[in-house]
Protein chains: 2
Amino acid sequence: MADSAGNQTGSRKAPLSKELVLSTALALVDAEGLDALTMRRLGQELDRDPMSLYRYAANRAALLDGVSELVLDELAIFPDDPDWQAQLRKIAHDLRLLALRHPNVVPLLVTRPLSTPLGLRPLGTLRPLEQILALLIEAGFSPAAALHVYRAYYGFLYGHILNELQEYIVDPEENEAILRLGLHRLPAKSFPHLRALGPVLADYDGAAELDQGLAILLSGLAGQLYAGQRESPS
Amino acid sequence: MADSAGNQTGSRKAPLSKELVLSTALALVDAEGLDALTMRRLGQELDRDPMSLYRYAANRAALLDGVSELVLDELAIFPDDPDWQAQLRKIAHDLRLLALRHPNVVPLLVTRPLSTPLGLRPLGTLRPLEQILALLIEAGFSPAAALHVYRAYYGFLYGHILNELQEYIVDPEENEAILRLGLHRLPAKSFPHLRALGPVLADYDGAAELDQGLAILLSGLAGQLYAGQRESPS
DNA sequence: GCATAAAGTCTACAGCGTAGAGAATGTGTC
DNA sequence: GACACATTCTCTACGCTGTAGACTTTATGC
């Protein structure tokens with residue numbers, strides 16, 4: 001029988017591995033937010049001394065990177081899809097759902113790379129970039145053009161996700177109430193439009209919003225592709 | 001004569017106010033990063049006991065919000081500009097420069113709103129939203145359409161800024177070296193395109209990249225405006 | 001001069017990441 | 001079995017964090 005606290009699987013003590021540590025960390029972040037992910041707390045969750053975690057992550061920052069990587073691994077990209085626009089649309093929606101599934105990880109996804117030069121980032125983080133480049137080059141973009149397209153696309157995508165998470169609250173009922181209350185607080189003379197938009201703000205359709213933006217962006221980017229191909233036909 | 005450490009202005013002791021606290025906090029973040037902004041350190045910077053800060057910010061989170069607000073206050077928006085597209089382009093470039101001036105604050109700008117429902121955010125943070133709505137409605141968009149346009153525009157804009165800050169390193173010389181070194185580290189078989197793009201990655205023109213994306217987005221959004229006007233002419 | 005309010009300070013506490021030394025456990029070889 | 005060795009885990013301790021609560025100092029009004 002176990003000594004004191006019950007661990008999850010019932011086995012005497014889980015064998016502990018990088019995967020287990022990271023997935024437990026992710027579960028903790030999903031359940032209680034980024035702040036809850038402390039070495040001590042994670043150790044407690046795994047029924048181990050906090051210091052034992054340092055065998056699987058050099059420090060807390062590395063732990064955070066590991067969680068980012070783990071989440072990004074959920075994203076499947078098919079670089080060989082002949083319809084590059086459809087593929088980009090699919091990736092966008094997949095990433096959106098991923099973000100909604102792990103909202104507490106999004107700040108990590110967005111800010112960790114800011115403190116790590118591109119060349120030194122965890123490989124898992126660079127995989128989407130590489131694969132989307134492959135997709136675009138396959139579609140006929142020059143490598144340099146593919147990079148530009150990637151930037152516009154991924155920029156827009158991350159922007160949308162941040163936007164949506166900012167507006168969406170976990171509890172939809174509370175959402176409307178808080179929204180009403182919050183908007184009411186705004187000075188009527190300095191925030192007339194925002195206050196008037198209360199009802200519109202309340203029902204937000206993220207997927208539709210994303211589609212609309214993507215339609216604009218992709219048609220614009222496709223135009224560049226055709227223009228480029230006419231200039232220098234293969 | 002002062003007791004021990006020299007304070008900045010030479011006056012015996014600065015009078016201390018919310019403005020002074022926040023601007024000192026911003027300076028500290030700009031100079032040494034977000035982590036350097038601790039209550040103790042800020043108190044030391046102001047030559048005061050750390051606890052005295054709580055008279056001007058309820059807690060550290062409020063301090064961070066204050067810094068965000070302070071930075072966003074640097075952004076000038078002219079909601080009466082008859083050329084809405086030009087104004088949006090100008091705002092975009094202004095915000096980009098703002099981000100480059102305060103790169104350490106960008107994570108704050110991006111993540112703080114994620115933990116605060118829209119209705120409860122600091123007013124200074126909502127001002128750009130309100131003013132851009134005004135601009136768009138003035139330009140002929142319906143309020144609801146203006147909100148959608150704002151979302152697409154601001155989403156793209158924030159995405160671009162994150163992208164650019166991710167790729168740009170403070171020290172440009174070191175940048176290229178690290179980039180080369182980092183890319184070299186990538187497995188050649190799994191990251192062929194990314195490795196090949198080294199030279200292209202090295203010279204990044206953020207302003208041009210932003211312009212290109214804006215051109216696509218704005219022309220697409222303008223199309224929606226005309227379509228909407230034809231459907232329901234005033 | 002004295003009451004009242006405002007501003008600033010002191011002390012203390014629980015929690016944090018993690019360095020460094022040590023104990024426990026597994027594994028291969030005789 | 002016994003030993004050697006490497007791996008894994010734990011213990012203790014240090015300096016740092018945010019901030020609650022009581023206290024002291026300073027400014028203000030009469």
Side-chain angles (χ1 to χ4, degrees), chain A residues 2-5 7-9 11-26 28-29 31-68 104 107-108 111-112 115-116, chain B residues 2-5 7-9 11-26 28-29 31-68 104 107-108 111-112 115-116:
Chain A
D3 216 327
S4 56
N7 51 17
Q8 21 207 16
T9 60
S11 69
R12 183 174 273 287
K13 271 207 170 179
L16 213 49
S17 66
K18 185 165 184 181
E19 288 70 31
L20 181 60
V21 169
L22 289 182
S23 66
T24 309
L26 174 56
L28 186 56
V29 170
E32 306 187 28
L34 270 181
D35 291 345
L37 180 56
T38 71
M39 303 308 265
R40 284 168 163 88
R41 179 67 200 282
L42 183 56
Q44 179 180 324
E45 215 71 22
L46 289 161
D47 201 16
R48 281 283 172 4
D49 186 281
M51 291 308 285
S52 66
L53 302 175
Y54 285 87
R55 192 107 6 209
Y56 307 98
N59 47 43
R60 196 180 117 96
L63 198 67
L64 296 178
D65 279 337
V67 171
S68 296
N104 295 333
L108 239 49
T111 57
R112 289 289 315 155
S115 38
T116 320
Chain B
D3 216 325
S4 55
N7 51 17
Q8 21 207 14
T9 61
S11 67
R12 183 174 275 284
K13 272 209 171 178
L16 213 49
S17 65
K18 184 166 184 178
E19 287 71 30
L20 181 61
V21 168
L22 288 182
S23 65
T24 308
L26 175 56
L28 186 56
V29 171
E32 306 187 27
L34 270 180
D35 291 344
L37 180 58
T38 70
M39 304 306 264
R40 283 169 165 88
R41 178 68 199 281
L42 184 54
Q44 177 180 325
E45 215 72 23
L46 288 162
D47 202 17
R48 283 280 173 1
D49 186 281
M51 290 310 285
S52 66
L53 301 175
Y54 285 87
R55 199 126 338 231
Y56 306 97
N59 46 43
R60 197 180 115 96
L63 199 66
L64 296 178
D65 279 336
V67 171
S68 295
N104 296 332
L108 240 50
T111 57
R112 288 291 314 156
S115 37
T116 322

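Quick note on labels: first sequence line is chain A, next is B, and so on, each numbered from 1.
Residue Leu28(B) comes nearest to Ala36(B) through the heavy atom pair CD2-O, 3.6 Å, listed as atom of the first residue, atom of the second, then distance.
The nearest whole Å value for the distance from the CG atom in Leu16(B) to the P atom in dA6(C) is 16 Å. The distance from atom CG of Leu42(A) to atom P of dG15(C) is 17 Å, rounded to the nearest whole Å.
Applying the side chain to side chain donor-acceptor pair (under 3.5 Å) test to Asn104(B) and every residue at least two apart in sequence or in another chain returns nothing. In this structure Gln44(A) satisfies the side chain to side chain donor-acceptor pair (under 3.5 Å) test with no other residue, sequence neighbours excluded. Residues passing the side chain to side chain donor-acceptor pair (under 3.5 Å) test with Arg40(A): none are found, sequence neighbours excluded.
Put simply, CG on Asp47(A) and OG on Ser52(A) are 10.0 Å apart, with the number rounded to the nearest 0.5 Å. From Leu20(B), atom CG reaches atom OG of Ser17(B) across 5.0 Å, with rounding to the nearest 0.5 Å. Note: Arg41(B) CZ to Thr24(B) OG1 = 11.5 Å, rounded to the nearest 0.5 Å.
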Go along nucleotides 12-23 of chain D 5' to 3' and tag each nucleotide: B for a protein heavy atom under 4.0 Å from its base, S when only backbone or sugar atoms are that close, - otherwise. -B---BBBBB--
Give every pair of a protein N or O atom and an N or O atom of nucleotides 26-29 of chain D that lie under 3.5 Å apart, one pair per line with the distance.
none

I'd like a table of donor-acceptor pairs (distance under 3.5 Å, sequence neighbours excluded) in which one partner is a side-chain atom from residues 54-64 of chain A, with atom names and distances.
residue, atom, partner, partner atom, Å
Asn59(A), OD1, Ala61(A), N, 3.2
Asn59(A), OD1, Ala62(A), N, 2.9
Arg60(A), NH1, Leu37(A), O, 2.3

